[in-house]
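First comes the structure, then the notes that go with it.
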Amino acid sequence: MDPTIAATLSATVYIARQNGVSASGQPTWGSPTAYPARVEQIERLEHTSQGQQLMTRNWVLMNSDAVVAKDDRIWLPGVDQTNAALARRVYEVAALPGDPPATTTDHFEVIV
């Protein structure tokens, strides 16, 4: 990751990966893991897979060490990561490459 961008990762987010489905068909998640991030408040209209409209409020930039996927749980800075009710859902993840000729993911941009 570009050192200038890495220097802006001054917040901490927690991510719990979706790791399965319960017998009743409900998603299950692993334990939250802390990652450095940059979090900015935004307003952007999103659509769920069920066609519902919702307004997103946060954009999160993370180093590629943070493995994150759509539907994972994320706790934003200042939120108690031991309380699942306070977790947000990851709605969109963009895996961005480094500067050419890089062939791997440099960082993630996440909409929450």
Side-chain angles (χ1 to χ4, degrees):
M1 173 176 257
D2 181 294
T4 306
I5 296 172
T8 68
L9 306 182
S10 59
T12 300
V13 296
Y14 291 83
I15 297 172
R17 298 291 320 262
Q18 186 174 346
N19 63 5
V21 178
S22 70
S24 64
Q26 298 300 314
T28 59
W29 291 269
S31 298
T33 301
Y35 294 99
R38 181 169 112 206
V39 179
E40 295 181 10
Q41 291 186 336
I42 63 166
E43 288 194 9
R44 181 170 151 183
L45 187 62
E46 296 290 331
H47 293 84
T48 68
S49 57
Q50 292 81 28
Q52 297 172 314
Q53 290 185 350
L54 58 111
M55 186 65 72
T56 60
R57 303 274 187 232
N58 297 95
W59 172 82
V60 182
L61 174 73
M62 291 179 286
N63 196 331
S64 62
D65 296 344
V67 178
V68 61
K70 187 176 181 303
D71 295 326
D72 286 350
R73 285 182 171 172
I74 186 168
W75 288 262
L76 297 174
V79 175
D80 178 7
Q81 76 276 5
T82 63
N83 186 341
L86 298 177
R88 306 278 301 275
R89 179 178 165 223
V90 173
Y91 287 100
E92 179 183 329
V93 178
L96 300 172
D99 292 329
T103 58
T104 60
T105 299
D106 179 65
H107 66 278
F108 293 105
E109 294 182 7
V110 177
I111 299 296
V112 180

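All heavy atoms count here, side chains included; hydrogens, waters and symmetry mates do not.
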Where at least one partner belongs to residues 17-26, residue pairs that pass salt bridge (charged side-chain N to carboxylate O under 4.0 Å, His left out), sequence neighbours excluded: R17-D72
Members sharing Y14's hydrophobic cluster (side chains within less than 4.5 Å): W75, V79, L86
Considering all heavy atoms, the nearest V13-P77 contact: CG1-CD, 3.9 Å
Which atom of P32 lies closest to which atom of Q81, heavy atoms considered: CG-O, 3.6 Å
Distance-minimising heavy-atom pair for R73 and A84: NH1-CB, 3.3 Å
With D71 via salt bridge (charged side-chain N to carboxylate O under 4.0 Å, His left out) - residues at least two apart: R89
Residues that T28 engages under side-chain contact (heavy atoms from CB on, under 4.5 Å), provided they are two or more places apart: N19, S22
Y35: which of I15, V68, V60 passes side chain to side chain contact (heavy atoms under 4.5 Å, CB included): I15
R38: salt bridge (charged side-chain N to carboxylate O under 4.0 Å, His left out) partners, not counting sequence neighbours: E40
Results of side-chain hydrogen bond (donor to acceptor under 3.5 Å, both in side chains) for S10 - residues two or more places apart only: none
